[in-house]
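Data block below; observations after.
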Amino acid sequence: MSRFWTDKIASLDPYVPGEQPQDKKYIKLNTNESPYAPSSKALAAMAAEVSERLRLYPDPNGSALKNALAKSYQLEANQVFIGNGSDEVLALAFMGYFAGGKPLAFADVTYSFYKVYAGLYGIEPKLISLNDNFDIVPADYQNLDVSGVVVTNPNAPTGKALSLADIEFILKANSDVVVLVDEAYVDFGAQSASTLINQYPNLLVVQTLSKSRALAGIRVGYALGHPELIEGLERLKNSFNSYPVDRIALAGATAAVEDEAYLKEICDKTIATREQSVKDLEALGFNVLPSATNFVFVTHPEKDAEKIYLALKDQGILVRYFGNKPRIGNYLRITIGTNEEMAALTAALKTL
Ligand SMILES: *Cc1c(COP(=O)(O)O)cnc(C)c1O
């Protein structure tokens with residue numbers, strides 16, 4: 001607390017990211033990073049960009065990356081917005097589309113950054129409870145009287161996915177506000193709503209290169225939507241920072257998006273490891289929610305999640321524990337690592 005802080009700064013309740021401890025080498029299963037290297041084509045493109053060209057500003061429009069994304073999702077470049085991680089894209093979307101006075105609807109158990117943005121922009125959250133099985137119930141997203149709706153599909157930290165028909169139901173029930181579908185994990189087993197963009201002018205799909213494309217370190221995310229929604233985001237971005245994505249990141253992201261074969265290869269590997277891990281965890285007595293993501297959300301009927309978390313950390317394995325959070329205090333979110341890392345996890349859990 002400083003006497004120079006405004007009431008605004010003092011009022012904030014910032015997001016707390018998963019631990020990134022620097023004291024020793026952990027098996028990191030706590031922040032949903034990929035255990036695999038990025039596309040070698042992306043690495044080569046980034047290495048090539050480390051050159052005298054770095055004296056120049058990057059393309060403020062990121063056209064090469066937008067074109068690659070547009071091609072990949074069969075859209076036009078003016079239906080694509082890019083930002084410094086999808087967190088930045090979300091921040092701009094919240095500021096632009098949801099700070100209109102009415103509350104913003106999202107699930108009670110979901111990505112905890114939404115509440116932080118809501119606090120930043122003075123948006124009142126309208127929390128819609130997941131059912132007892134931790135499912136989003138589309139029927140609960142009708143007659144809301146809100147500024148907008150955020151749906152995470154698949155949801156985090158539960159890992160559960162909605163069908164495209166469910167997403168369409170929510171879009172139709174909220175046709176006069178923006179429905180933002182955060183698809184950070186969609187490549188691991190859910191259907192993207194990007195195919196609905198030409199039908200629903202209120203749909204904004206947000207994705208990231210941090211998870212499935214193994215590029216959390218370069219901070220690139222994007223939104224797909226109607227050209228007018230995208231133009232709104234561009235207006236905001238150009239009123240804040242014209243160059244949020246640097247030259248190296250643009251080069252790497254473009255090559256990564258073009259390398260669809262590698263995306264599929266590492267997603268398939270993660271899915272196969274996930275299926276094995278589900279069996280191994282169930283054999284140890286854990287309840288494992290069905291996952292369409294690169295993590296599993298688990299609880300043990302007889303064991304305390306905090307104790308497991310601490311004991312694993314002691315053994316050099318980090319998982320995500322949600323401590324004080326309502327409903328999920330006895331759950332752990334475990335990122336799917338390599339087969340070897342998951343075998344080490346299972347072996348450590350056996351000793352507990
Ligand atoms: C990881 C994550 C993000 C943020 O991704 P970045 O592109 O790394 O900022 C956004 N939404 C959800 C649900 C996530 O899990």
Side-chain angles (χ1 to χ4, degrees), residues 14-20 28-35 38 42 62 65 69 80-95 98 104 106-118 120 125 130 134 136 149-162 167 179-190 192-194 204-224 233 237 241 244-246 249-250 252-253 256-257 263 267 270 289 291-297 319-320 322 325 328 331 333-336:
Y15 181 73
V16 183
E19 304 164 84
Q20 302 283 1
K28 275 200 84 256
L29 306 177
N30 68 326
T31 51
N32 296 343
E33 289 143 323
S34 176
L65 176 55
L69 286 164
V80 182
F81 177 80
I82 58 181
N84 191 265
S86 63
D87 285 338
E88 184 186 73
V89 177
L90 291 169
L92 292 172
F94 273 57
M95 175 165 40
F98 302 142
L104 171 67
F106 52 91
D108 64 335
V109 177
T110 189
Y111 186 39
S112 50
F113 224 136
Y114 305 147
K115 261 192 191 160
V116 176
Y117 296 130
L120 177 62
L130 304 182
F134 287 127
I136 290 173
V149 176
V150 179
V151 180
T152 316
N153 192 41
N155 197 12
T158 65
K160 287 186 138 184
L162 287 177
I167 296 288
V179 174
L180 188 157
V181 184
D182 184 345
E183 296 187 338
Y185 301 101
V186 76
D187 295 328
F188 298 107
S192 175
S194 60
L204 199 60
V205 172
V206 175
Q207 291 197 15
T208 174
L209 273 71
S210 297
K211 315 292 177 27
S212 59
R213 290 192 183 82
L215 281 167
I218 63 168
R219 312 299 303 124
V220 178
Y222 51 97
L224 310 170
L233 293 175
K237 172 220 147 202
N241 177 2
V245 187
D246 66 72
L250 282 174
V257 169
L263 169 69
C267 287
T270 299
L289 267 66
S291 170
T293 63
N294 67 338
F295 58 83
V296 284
F297 197 52
V319 299
R320 189 81 182 258
F322 295 93
K325 293 260 172 77
I328 59 173
Y331 280 78
R333 192 195 67 192
I334 304 174
T335 304
I336 303 300

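Counting convention: from 1, in listed order, for ligands and their atoms alike. All values below come from the heavy atoms of this structure, side chains included, with hydrogens, waters and symmetry mates left out.
Of all protein heavy atoms, the one closest to atom 11 (N) of ligand 1 is D182 OD2, 2.7 Å. Among protein heavy atoms, atom 9 (O) of ligand 1 sits closest to R219 NH2, 2.8 Å. Protein heavy atom in closest approach to atom 14 (C) of ligand 1: K211 NZ, 3.0 Å. Of all protein heavy atoms, the one lying nearest to atom 5 (O) of ligand 1 is S86 OG, 3.0 Å.
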Intermediate values then yes/no, ring pair (Phe, Tyr, Trp, His ring centres under 6.0 Å), Y114 and Y15: CA-CA 9 Å; Y114 305 147; Y15 181 73; 9.9 Å; no
Side chain to side chain donor-acceptor pair (under 3.5 Å) between N155 and T110, intermediate numbers included: CA-CA 6 Å; N155 197 12; T110 189; 2.9 Å; yes
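At a heavy-atom distance under 4.0 Å, atoms from both the backbone and the side chain of D87 approach ligand 1. When non-hydrogen atoms are compared, ligand 1 lies under 4.0 Å from the side chain of S210 (C-beta onward) but not from its backbone. Contacts of Y185 with ligand 1, taken as heavy-atom pairs under 4.0 Å, involve the side chain alone.
One finds a salt bridge joining K28 and E33 here, because a Lys/Arg side-chain nitrogen approaches an Asp/Glu carboxylate oxygen to under 4.0 Å.
Both the sub-6.0 Å distance and the 45° axial angle are not jointly satisfied by R333 relative to the ring of F297.
Remark: distances from the non-hydrogen atoms of N32 to ligand 1 are all 4.0 Å or more. Ligand 1 has G85 within reach: a non-hydrogen atom of the residue lies less than 4.0 Å from it. Heavy-atom separations between E88 and ligand 1 are all 4.0 Å or longer.
Annotation: side chain of L180 is not in contact with side chain of V151 (no heavy-atom distance under 4.5 Å).
The distance from ligand 1 to the heavy atoms of T152 drops below 4.0 Å at these ligand atoms: 13 (C).
Each of L250, V89, L233 was checked for a side-chain contact (heavy atoms from CB on, under 4.5 Å) with I82, and the lone residue meeting it is L250.
In this pair, F106 and F94 present their aromatic rings tilted. The plane angle is within the 30 to 60° band. The aromatic rings of Y185 and F188 sit tilted, their planes meeting at an angle between 30° and 60°.
Any N or O atom pair closer than 3.5 Å counts here, and Y111 shares no such pair with ligand 1.
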